[in-house]
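Below is one structure, written out as structure tokens; comments come after it.
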Amino acid sequence: MHFFDYKDNSLFCENVALKKLAEQFSTPLYVYSKKTLMRHLNVLQEAFSEISPLLCFSMKANSSLAMCNILVKNGAGLDIVSGGELYKALKIGTDPQKIVYAGVGKTEEEIEFALTKSILLFNVESISELKLINKVAGKVGIKQKVSIRINPDVDINTHDYITTGKKITKFGVDFDTCRNIINSRAEYSNLNIAGFHIHIGSQITESYPFVESITKTVNFIEELKKDKFEIEYLNIGGGLGIVYKDENPQSAEQFAEAIIDLIRPLNIKIIMEPGRFIAGNSGILLTTVLYLKNTSVKNFVVIDAGMNDLLRPSLYNAYHEILPIKKNDNVGNVKVDIVGPICESGDFLAKDRTIQKVNAGDIMAIMGAGAYGFSMASNYNSRCLPAEVMVDNDTYFLVRKRQNYSDLIANENIPKELI
Ligand code: LLP
């Protein structure tokens, strides 16, 4: 469900015509709908109201300050994975006690930064990391709460690159290792092992893998209880899938129904870390058609957005719906490859896609680009990062300026001696 719709054949974001935004800010341009964003946050908050979890938006999905600020001001916390995300989270005034920090490669510097800012929990991914956090906590004189990230070894039906709860992946520790950590917790005198964390992957459209991983973890928690070890938090991660094409993902209510019964008896605080569910369909990428290029085997539509702006199709073969911002039922359809300007054959936004016939200069909207869109964009081929606009009903705001050429070289240095 989102608020990008046609009115009189013209595509709107809420009450703003996308044509107007493309004209004013040029393309490629990310456009976000505040109403869609808020709807997704509210739907989750309501579905889970019975257990009032701490909803930490996963910043890696979209760390736009304006977007995170809206979510945080409306009650969300943040799930971070780097010092950079922590810096951004603090910049918008996020309560550190609503920040949880995951990731397999936290550096000592990042750990110290987070410790001194009093974040709620580190989601710890290995024994080596646990030791380092304990050491640094001792150095800065802090007793820190941590969660152990458990890898429950469950299979999910998603792209291999975004499966994280199988033993073969680098994430978390298995149940046996977790038990060993608990048994030797006296060694970590500066830490309080206050919770467990599970995140099994992303774009999961069915409830059963969540049910399986949560059930395994709940059983584990119950076993530990018998040994007089109790936790305060269970973080059930993110991963809720959304509609890109013809998926039929579980709704927030169905998801809540499937898992609340499992976790209610624990009577502990629940944390969730959705990213895509909140941001994914809240954003689109506007792009202009540059050229039509027909060969004997393919019709190419060359657009001004590429894998540098939206990497998902190239990296995961991901499907994003691509719509004309001016619908015209009379022009007919064509089957095309929609490709970007980057000098790689892997630079495509859609393959063998049937779309309304387009001409150079036409503007199209690449849908479902609000999560893992801008946050995965790069300067590859020395192309400037796109601008971002947030729409709020009939008003809109430029929330990130387009990069310019001098931004591209701002951190570079040409030593005179080096010729
Ligand atoms: N928590 C942790 C520990 C995570 O690693 C992730 C995502 C999330 C929460 C949020 O997951 P979500 O609710 O958004 O599914 N770039 C890929 C997705 C990578 C997800 C990485 N981790 C994509 O474009 O599909």
Side-chain angles (χ1 to χ4, degrees), residues 37 40-41 43-44 53-63 67-68 71 76-82 85 99-106 121-126 129 147-152 156-166 169-173 195-207 209-210 213 233-245 247 249-250 252 255 270-283 285 307 309-320 349 366-378:
L37 199 63
H40 293 154
L41 179 66
V43 157
L44 266 185
L54 173 60
L55 272 177
C56 292
F57 173 62
S58 193
M59 277 186 97
K60 65 179 84 59
N62 193 318
S63 61
M67 180 180 289
C68 294
L71 296 169
L78 293 173
D79 156 47
I80 62 164
V81 280
S82 68
E85 287 189 349
I99 296 179
V100 294
Y101 184 2
V104 295
K106 305 175 186 81
L121 286 162
F122 283 79
N123 292 324
V124 181
E125 308 247 7
S126 65
E129 181 194 330
S147 281
I148 308 297
R149 178 167 179 176
I150 293 175
N151 184 324
I156 59 171
N157 183 16
T158 193
H159 195 285
D160 271 358
Y161 290 5
I162 54 176
T163 293
T164 54
K166 287 280 296 164
T169 68
K170 65 182 175 183
F171 298 98
V173 298
F196 294 134
H197 171 226
I198 35 178
H199 171 76
I200 54 176
S202 198
Q203 184 54 13
I204 307 170
T205 52
E206 292 152 314
S207 296
F210 293 107
S213 61
Y233 300 94
L234 174 62
N235 181 336
I236 60 170
L240 284 172
I242 62 167
V243 179
Y244 286 104
K245 188 181 182 187
E247 301 88 345
Q250 75 248 295
F255 179 60
I270 301 297
I271 301 173
M272 296 172 72
E273 306 171 327
R276 190 189 315 265
F277 183 88
I278 289 180
N281 285 326
S282 308
L285 176 60
M307 64 193 290
D309 303 298
L310 179 65
L311 184 59
R312 303 191 71 257
S314 301
L315 189 58
Y316 315 114
N317 225 349
Y319 181 99
H320 285 263
L349 283 302
I366 307 178
M367 308 302 288
Y372 307 107
F374 190 97
S375 64
M376 292 173 73
S378 78

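Order of listing sets the numbers, starting from 1, for every ligand and every atom in it.
The nearest protein atom to atom 22 (N) of ligand 1, hydrogens excluded, is given as Lys60 CD, 3.5 Å; this is a heavy-atom distance. At the top of the distance list for atom 20 (C) of ligand 1, counting protein heavy atoms only, stands Tyr372 OH, 3.6 Å. Taking atom 19 (C) of ligand 1 as the reference point, the nearest protein heavy-atom neighbour is Ile162 CG2, 3.6 Å. Among all non-hydrogen protein atoms, the one lying nearest atom 15 (O) of ligand 1 is Ser202 OG, 2.4 Å. For atom 24 (O) of ligand 1, the closest heavy atom belonging to the protein is Arg312 NE, 2.6 Å.
When heavy-atom distances to ligand 1 are checked against a 4.0 Å cut-off, Asn123 has no atom that comes that close, whether in backbone or side chain.
Close approach to Gly238 involves these atoms of ligand 1, each under 4.0 Å from a residue heavy atom: 9 (C), 13 (O). Within ligand 1, the atoms closer than 4.0 Å to a non-hydrogen atom of Pro274 are 13 (O), numbered from 1 in the order shown. Near Glu273, with a cut-off below 4.0 Å to any heavy atom, the atoms of ligand 1 are 1 (N), 2 (C), 3 (C), 8 (C), 9 (C), 10 (C), 13 (O). When each atom of ligand 1 is checked for a heavy atom of Gly275 under 4.0 Å away, the hits are 12 (P), 13 (O), 14 (O). For ligand 1 and Gly239, the ligand atoms under 4.0 Å from any heavy atom of the residue are 11 (O), 12 (P), 13 (O), 15 (O).
For Tyr101 and Phe122, the ring centers sit closer than 6.0 Å to each other. Here His320 and Tyr244 bring their ring centres to under 6.0 angstrom of each other.
Looking at heavy atoms from C-beta onward, Phe210 lies in side-chain contact with Leu240 at the 4.5 angstrom threshold. Within the 4.5 Å cutoff, no side-chain heavy atoms of Met307 are placed close to those of Pro313. A heavy-atom distance below 4.5 Å is not found between the side chains of Val100 and Ser147. Side-chain contact between Leu311 and Tyr316 is absent, with no heavy atoms from C-beta onward closer than 4.5 Å.
In this structure, Leu78 CG and Leu54 CG are separated by 9.5 Å, a value rounded to the nearest 0.5 Å.
Using a 4.0 Å cut-off between a side-chain N of Lys or Arg and a carboxylate O of Asp or Glu, Glu129 and Lys106 qualify as a salt bridge.
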Test log, rule side-chain contact (heavy atoms from CB on, under 4.5 Å), inputs Thr164 and Arg149 = CA-CA 11 Å; Thr164 54; Arg149 178 167 179 176; 3.6 Å; yes
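When only interatomic distances are considered, the shortest N/O to N/O separation between Tyr316 and ligand 1 falls below 3.5 Å. Note: an N/O pair closer than 3.5 Å links Arg276 and ligand 1 by distance alone.
Residue His199 holds the heavy atom nearest to atom 5 (O) of ligand 1 of all those in Arg149, His199, Met376.
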